[in-house]
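Counting begins at 1 with the first residue of the sequence. Since this is a predicted model, take the numbers as computed values, not measurements. Counting starts at 1 for both ligands and their atoms, in listed order.
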Amino acid sequence: MEANMQLAVAVAVVVVVVAWRIISGKRNGNYKDYNLPLPRGATGWPLIGETIPFLRAINNPRNPRKFVEEHERKYGPVFRANLFGTSKTVVTVDPEFSKYVLQNEGRLFHSKYLLSMRTIIGKYSILAVRGELQRKLHGTVNKFLSAEKLSSESIAYIQNIFELGMKKWEGHNRELHLQEEIHKVVLNLMAKKLIDLNPEEDMKEINKLRALDDLAGAIVTVPLNIPGSPFSRGIKARKTVLQKIHECIKERKEHPEVIRNDMLTHLVKDGSFPEEIIADLIMSLFFASYETSSKALTFAVKFLTDTPRALEEMRAEHDALVSSKGDGKLTWDDYASMKFTHWVIKETLRLGNVAPAVFREAAQDIKTKDFVIPKGWAILVLLNGTHLDDKNYSDPLTFNPWRWQDEPALELSKDPWFLCFGGGARFCPGYHFAKLEMALFLHSFISKFRWEAVEEDELHYFPYTYMKKGLPLRLSPRDST
Ligand code: HEM
């Protein structure tokens, strides 16, 4: 009886697998009457698909492109894959096609994020909304974070907040986990920039915003609100941060006479958006700026620690700046003059891939000369697949800031494959701010400290990018022996 049962189960499994293979094989034929096939690719196993090998490969620091390389070899740089529960997914690591997807946002493609992420960041989040509202929100953020505005207003207070945070790291042979410490100073900075909380006076309120730490873990997860799960912690974190934002909105409305220079006051005074949209915009700005820049800074220190020649060149650049300044206060021109630092930042972003991928959905059937992507299919623009490809960058897993030596300092990049800040209508509006804060942080950190790694650490890429052990370092003041 038991043997019969086992046989029945085995037959059922074979039937399902064969049927699946036949169906998926058919799907590789021409699509509709376009006389073009779907992108070539694998469908993997029913339900689980290829998510596990994909994640395993992407988190392997020695070869994060393994999954991509295998698929690219068989199917080309735009291929079908069965990821995150859907076989209707197309992955692109073809820089031209990736750019085409990003640049046609709102026309041929829409942004599309997982339900867990949309729930956590809010239905009016700039990342989730589409069409006219996205364009309006994007324009507003762009204006507030433009290079002109930053050059006249931001340098002094950014420098101030970083130096204040770094005071807590002083002392001889001070051991700390830099990833966590950078998180705190970047949160102080964003709390000031977005809702005018001051680390010298409002630390209690800023500490409440540490709830943001739970967001990253909740965005790529099963959206089931089970107590103690990452998703449920994310929901709770959203509530805490939203509550703080609403309190601030109320205060701005009741006391319009108070002069403030934060993003929230600007939005409330401007009056273009209802409160719910303002709150979700501030929430998504916290989300988009906090994890990204703090991780980028952590990675910059990690890469410099591992590349003594680059660290030496950074020290020379920043020591020269320090000795040329009587009061230590930097200007926009000083920032623009940090030539090597700009190369270090670009190389950190390329190799670190703080935003490893962006998601899109085909808004209509997309026809290219080689294939069709049907309307509604997901497109995973795998940015790290492009940035770590030896066809685009020689020796791509090596930190080599000198590869950027022909690049303009402040402008994005002449390099057509550099997609670290996305592209098209959703190109990161925090681009100038992110670069400025990275340069100012590195200036203060390198001028103040020398350091060594306490133990080896490595990057992980998914579901978000982080240092596995939090980058444990031993710091001492530069001027001590
Ligand atoms: C190293 C730091 C950063 C990196 C690598 C980065 C990367 C990106 C990328 C790749 C996108 C495109 C997402 C997409 O196409 O779906 C994006 C969008 C965005 N970023 Fe950044 N970002 C960084 C820092 C910041 C900062 C500091 C802010 C704000 C102060 C910010 C605000 C935003 C916003 C609001 C969007 C959404 C734009 C839209 O959908 O219209 N980012 N970022």
Output the list of atoms in ligand 1 that are nearer than 4.0 Å to some heavy atom of [X], sorted by atom number.
{"X": "Leu127", "answer": "37 (C)"}
{"X": "Ala434", "answer": "2 (C), 24 (C)"}
{"X": "Gly422", "answer": "10 (C)"}
{"X": "Leu349", "answer": "1 (C)"}

Identity and distance of the protein heavy atom lying nearest [atom]:
{"atom": "atom 34 (C) of ligand 1", "result": "Pro429 CD, 3.5 Å"}
{"atom": "atom 27 (C) of ligand 1", "result": "Ser289 CB, 3.5 Å"}
{"atom": "atom 24 (C) of ligand 1", "result": "Thr292 OG1, 3.4 Å"}
{"atom": "atom 13 (C) of ligand 1", "result": "Val358 CG1, 3.7 Å"}
{"atom": "atom 40 (O) of ligand 1", "result": "Arg426 NH1, 2.8 Å"}
{"atom": "atom 6 (C) of ligand 1", "result": "Phe421 CD2, 3.8 Å"}

Could you check which of Cys420, Cys428, Ala288, Ala128 puts a non-hydrogen atom nearest to atom 10 (C) of ligand 1? Cys420
Shortest reach to atom 39 (C) of ligand 1 by a heavy atom, considering only His138, Glu291, Arg360, His432: His138
Tell me if the aromatic rings of [X] and [Y] count as close, with their centers under 6.0 Å from one another.
{"X": "Tyr335", "Y": "His342", "answer": "yes"}
{"X": "Trp404", "Y": "Phe340", "answer": "no"}
{"X": "Phe97", "Y": "Phe371", "answer": "yes"}
{"X": "His443", "Y": "Phe162", "answer": "no"}
{"X": "Trp451", "Y": "Phe445", "answer": "yes"}

With heavy atoms only and a cut-off of under 4.0 Å, state how [X] meets ligand 1: side chain, backbone, both or neither.
{"X": "Leu137", "value": "neither"}
{"X": "Ser111", "value": "neither"}
{"X": "Ile126", "value": "both"}
{"X": "Leu145", "value": "side chain"}
{"X": "Met190", "value": "side chain"}

Closest heavy-atom pair and its distance - Phe144, Asp262: CZ-C, 3.6 Å
Pair [X]-[Y], side-chain donor/acceptor within less than 3.5 Å:
{"X": "Ser444", "Y": "Glu163", "value": "yes"}
{"X": "Glu181", "Y": "Trp169", "value": "yes"}
{"X": "Ser272", "Y": "Asp270", "value": "yes"}

Ring-face cation of Arg350 near Tyr393 (centre distance under 6.0 Å, axis angle within 45°): yes
[X] near ligand 1, heavy-atom distance under 4.0 Å?
{"X": "Lys295", "answer": "no"}
{"X": "Leu285", "answer": "yes"}
{"X": "Tyr113", "answer": "yes"}
{"X": "Ser284", "answer": "no"}

Quick test of your reading of the model: are [X] and [Y] salt-bridged, counting only N-O distances below 4.0 Å?
{"X": "Arg315", "Y": "Glu312", "value": "no"}
{"X": "Lys469", "Y": "Glu458", "value": "no"}
{"X": "Glu313", "Y": "Lys339", "value": "no"}

Counting only heavy atoms not in Lys236, do more than 12 fall under 6.0 Å of its NZ? no
Are any of the N/O atoms in Gln134 less than 3.5 Å from those in ligand 1? yes
Short N or O distance, Glu437 and ligand 1, threshold 3.5 Å exclusive: no
